[in-house]
Amino acid sequence: MQSQTTFSLSFWVSASRKINNQVSVYARITVNGKRANISLQRKVIVSEWDSNKGRARGNKQESRLLNRYLDQVKNRIYEAHDELVKEKAFICAQSIKARFLGEDNEEYSLLTLVDYHNTQMSESLSYGTLKNYFTTQKYIKLFLAKKKIQDIYLSQLSFRFLVDFEKFLRSYVPEDHQKQMENNTVMKHIQRLRKMVTLAYKMEWIDKDPFIKFKPTYIKNEREFLSEDELQTIIEKEFEIERLELVKDLFVFSSYTGLSYIDVMNLNEDNITFGIDGGKWIITNRQKTHNKVKIPLLPIAEEIIQKYKGHIKTKKTKTLFPNISNQKLNSYLKEIADLCKIKKNLTFHIARHTFATTITLSNGVPIETVSKLLGHSKIATTQIYARVIERKVSHDMEALKKKLTINKKQKIV
């Protein structure tokens with residue numbers, strides 16, 4: 001879908017390059033604040049140029065001929081713009097200039113591609129996903145700066161470029177902390193670059209895909225979640241500090257609904273309705289995937305909603321819960337973990353994993369149902385949790401074997 005663009009055209013002269021009291025006339029195309037200048041191969045006497053109107057002054061034949069030519073140029077540039085719009089082509093100052101000059105085969109650069117992608121996808125990607133693309137864009141610029149180049153043509157992208165970019169990401173130390181990126185974080189940036197380059201390939205901006213020989217290497221990490229005992233410890237813990245009590249309630253609510261941080265924060269009374277069974281359900285769209293989720297409210301989740309009904313901070317936002325940033329929420333969860341003597345790296349997303357494993361799959365809820373409750377697009381995503389449950393089954397069976405062995409020995413004695 002073509003995003004809305006701001007397009008304007010003006011004519012100007014370069015007064016600083018005056019020769020024999022004459023200056024060259026230029027056309028300036030501006031799209032979304034970015035310019036492209038075109039030399040019109042015409043000159044005018046400085047005193048006979050009206051810079052405010054972008055026209056030649058007076059009724060002399062020279063002025064009339066120049067203004068007539070400027071009108072022709074204006075019409076042709078607007079036609080070039082309209083053609084690109086009809087073709088649903090990439091619209092920028094350079095692409096309009098190229099169409100006007102008949103140089104449509106002009107090469108596109110990597111940063112032009114990234115900027116185009118992030119502009120075009122601003123309406124279809126969630127804020128969180130788009131923010132990740134902007135982060136990748138930042139690292140691409142840093143990498144180019146390290147190579148002491150401002151940009152690179154798409155045709156110059158190679159396997160070597162990708163390998164060097166990966167090496168740069170692995171060795172880069174962010175300014176806000178001293179920890180280098182983990183393998184999967186590096187791969188995520190590479191994956192986003194790959195999606196943008198694939199877009200360029202489909203749009204025929206490049207003749208070959210430089211990623212054909214590139215193989216990403218992801219490390220499979222365990223999806224951490226809380227056991228039933230760990231979750232119960234948090235539920236039973238009472239906090240006198242209001243912020244910790246709120247964070248605890250939000251975490252427990254997510255553990256019994258499977259909703260992510262942003263989806264919990266966006267909930268309002270309109271999202272609570274009566275379902276097919278006559279009970280209360282949450283019906284909302286996941287911000288990340290836009291998939292609709294319908295979740296029957298379990299008693300403990302319903303109690304937490306009632307607890308914050310009429311809260312002074314929810315009256316202003318008209319949400320079910322007081323607003324708190326994800327950063328602060330995760331910071332306070334570290335305090336809760338310490339106070340509850342939970343040694344796992346407690347983050348809000350662990351609540352979603354806990355819902356998938358401890359609350360649903362471990363209690364016999366079919367994986368197809370869990371997939372729908374989580375709002376997954378593919379059941380393969382949910383099967384990650386099923387593999388975790390299989391390991392839990394193995395662990396439980398091992399404990400059973402030991403117990404049976406002990407009982408057998410006791411009977412022999």
Side-chain angles (χ1 to χ4, degrees), residues 1 3 117-118 120-136 184 187-188 191-192 194-196 198-199 218 221 223-225 250-277 279-298 301-302 304-305 317-321 323 326 329-330 347-389:
M1 180 176 177
S3 296
H117 173 274
N118 293 347
Q120 294 294 96
M121 297 300 168
S122 61
E123 296 176 9
S124 58
L125 295 177
S126 68
Y127 170 76
T129 302
L130 193 61
K131 189 170 69 171
N132 291 333
Y133 273 99
F134 282 124
T135 303
T136 300
N184 288 2
M187 288 299 109
K188 282 291 183 181
Q191 182 185 53
R192 292 185 200 109
R194 181 170 200 158
K195 287 183 178 179
M196 292 185 281
T198 300
L199 173 66
Y218 282 96
N221 294 322
R223 292 293 177 99
E224 205 158 35
F225 61 94
L250 292 173
F251 184 86
V252 173
F253 180 82
S254 178
S255 296
Y256 281 88
T257 59
L259 291 172
S260 65
Y261 159 77
I262 191 62
D263 294 330
V264 171
M265 288 291 100
N266 288 338
L267 287 178
N268 57 54
E269 290 186 3
D270 293 336
N271 296 124
I272 309 299
T273 186
F274 288 98
I276 193 171
D277 57 359
K280 288 185 178 179
W281 288 45
I282 294 175
I283 299 180
T284 185
N285 291 315
R286 287 198 65 203
Q287 181 165 309
K288 183 178 180 180
T289 62
H290 305 295
N291 290 341
K292 179 167 283 189
V293 288
K294 299 180 180 180
I295 308 164
L297 268 177
L298 295 171
E302 192 170 352
I304 294 172
I305 290 175
T317 59
K318 295 182 180 180
T319 53
L320 293 185
F321 302 108
N323 229 302
N326 196 22
L329 195 155
N330 283 321
T347 64
F348 194 79
H349 207 62
I350 283 181
R352 184 168 163 84
H353 299 331
T354 301
F355 174 77
T357 54
T358 306
I359 302 301
T360 54
L361 288 170
S362 290
N363 287 305
V365 178
I367 193 169
E368 294 82 4
T369 302
V370 177
S371 187
K372 283 187 175 296
L373 292 171
L374 291 172
H376 286 162
S377 302
K378 298 180 291 185
I379 199 167
T381 308
T382 319
Q383 286 171 343
I384 296 170
Y385 300 107
R387 287 195 289 272
V388 174
I389 296 303

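One-based numbering along the sequence shown.
- Checked by atom type and distance alone, the side chain of Ser254 pairs as donor or acceptor with a backbone atom of Leu259 at under 3.5 Å.
- Asp263 and Ser260 form a side-chain donor-acceptor contact under 3.5 Å, judged by distance and modelled atom types alone.
- Distance alone, capped at 3.5 Å, places no donor-acceptor pair between the Thr129 side chain and the Leu125 backbone.
- The aromatic ring centroids of Phe355 and Phe225 lie 6.0 Å or more from each other.
- Here the rule is side chain to side chain contact (heavy atoms under 4.5 Å, CB included) with Tyr256, and of Ile295, Leu298, Ile304 only Leu298 fits it.
- Of all the heavy atoms in Asn291 and His376, the pair that sits closest is ND2-C, 4.0 Å.
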Go through it in stages, so that I can follow the logic: the residues are Glu224 and His353, the test is side-chain contact (heavy atoms from CB on, under 4.5 Å), and I'd like the CA-CA distance, side-chain angles, deciding distance and then a yes or no. CA-CA 7 Å; Glu224 205 158 35; His353 299 331; 5.7 Å; no

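- With rounding to the nearest 0.5 Å, the separation of CG in Leu329 from CZ in Phe348 is 5.5 Å.
- Contact check for Leu374 versus Arg352: side-chain heavy atoms found under the 4.5 Å cut-off.
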Test side-chain contact (heavy atoms from CB on, under 4.5 Å) on Gln120 and Leu199 and set out the steps. CA-CA 11 Å; Gln120 294 294 96; Leu199 173 66; over 6 Å; no

Criterion side-chain contact (heavy atoms from CB on, under 4.5 Å) on Val293 and Ile283, from CA distance to verdict: CA-CA 6 Å; Val293 288; Ile283 299 180; over 6 Å; no

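- Other residues, nucleotides and ligands place more than 12 heavy atoms under 6.0 Å from the CD atom of Gln191.
- Shown here for Ile379 and Glu368, the closest heavy-atom pair between the two residues is CD1-CG, 3.8 Å.
- Under the 4.5 Å side-chain criterion, counting only non-hydrogen atoms from C-beta, Gln383 is in contact with Ile367.
- The main-chain N or O of Met187 is never found under 3.5 Å from a side-chain atom of Arg192 such that the two would form a donor-acceptor pair.
- Tested against Phe321, the residues Phe253, Phe251, Tyr261 include a single ring-ring contact (aromatic ring centres under 6.0 Å, His included) partner, Phe253.
- With hydrogens and angles disregarded, a donor-acceptor distance shorter than 3.5 Å links the side chain of Thr360 to the backbone of Ala356.
- Side-chain atoms of Asn285 and His290, non-hydrogen and from C-beta on, never get closer than 4.5 Å to each other.
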side-chain contact (heavy atoms from CB on, under 4.5 Å) evaluation trace for Glu269 with Leu320: CA-CA 7 Å; Glu269 290 186 3; Leu320 293 185; 4.1 Å; yes

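- A distance of 10.0 Å separates CE of Met121 from NZ of Lys195, quoted to the nearest 0.5 Å.
- Ser255 and Ile359 get closest at one heavy-atom pair: O-CG1, 3.2 Å.
- Taking all atoms of both residues into account, the shortest heavy-atom contact from Leu361 to Val365 is CD2-O, 3.6 Å.
- A donor-acceptor distance shorter than 3.5 angstrom exists from the side chain of Thr354 to the backbone of Ile350, with no hydrogens or angles considered.
- In terms of modelled atom types and a separation under 3.5 Å, the side chain of Ser362 and the main chain of Thr357 share a donor-acceptor contact.
- The CD1 atom of Ile272 sits 8.5 Å away from the CD atom of Glu302 when rounded to the nearest 0.5 Å.
- To the nearest 0.5 angstrom, Lys294 atom NZ is 9.0 Å from Ile276 atom CD1.
- Looking at Thr284 and Asn266, their side chains never bring a donor and an acceptor atom within 3.5 Å of each other.
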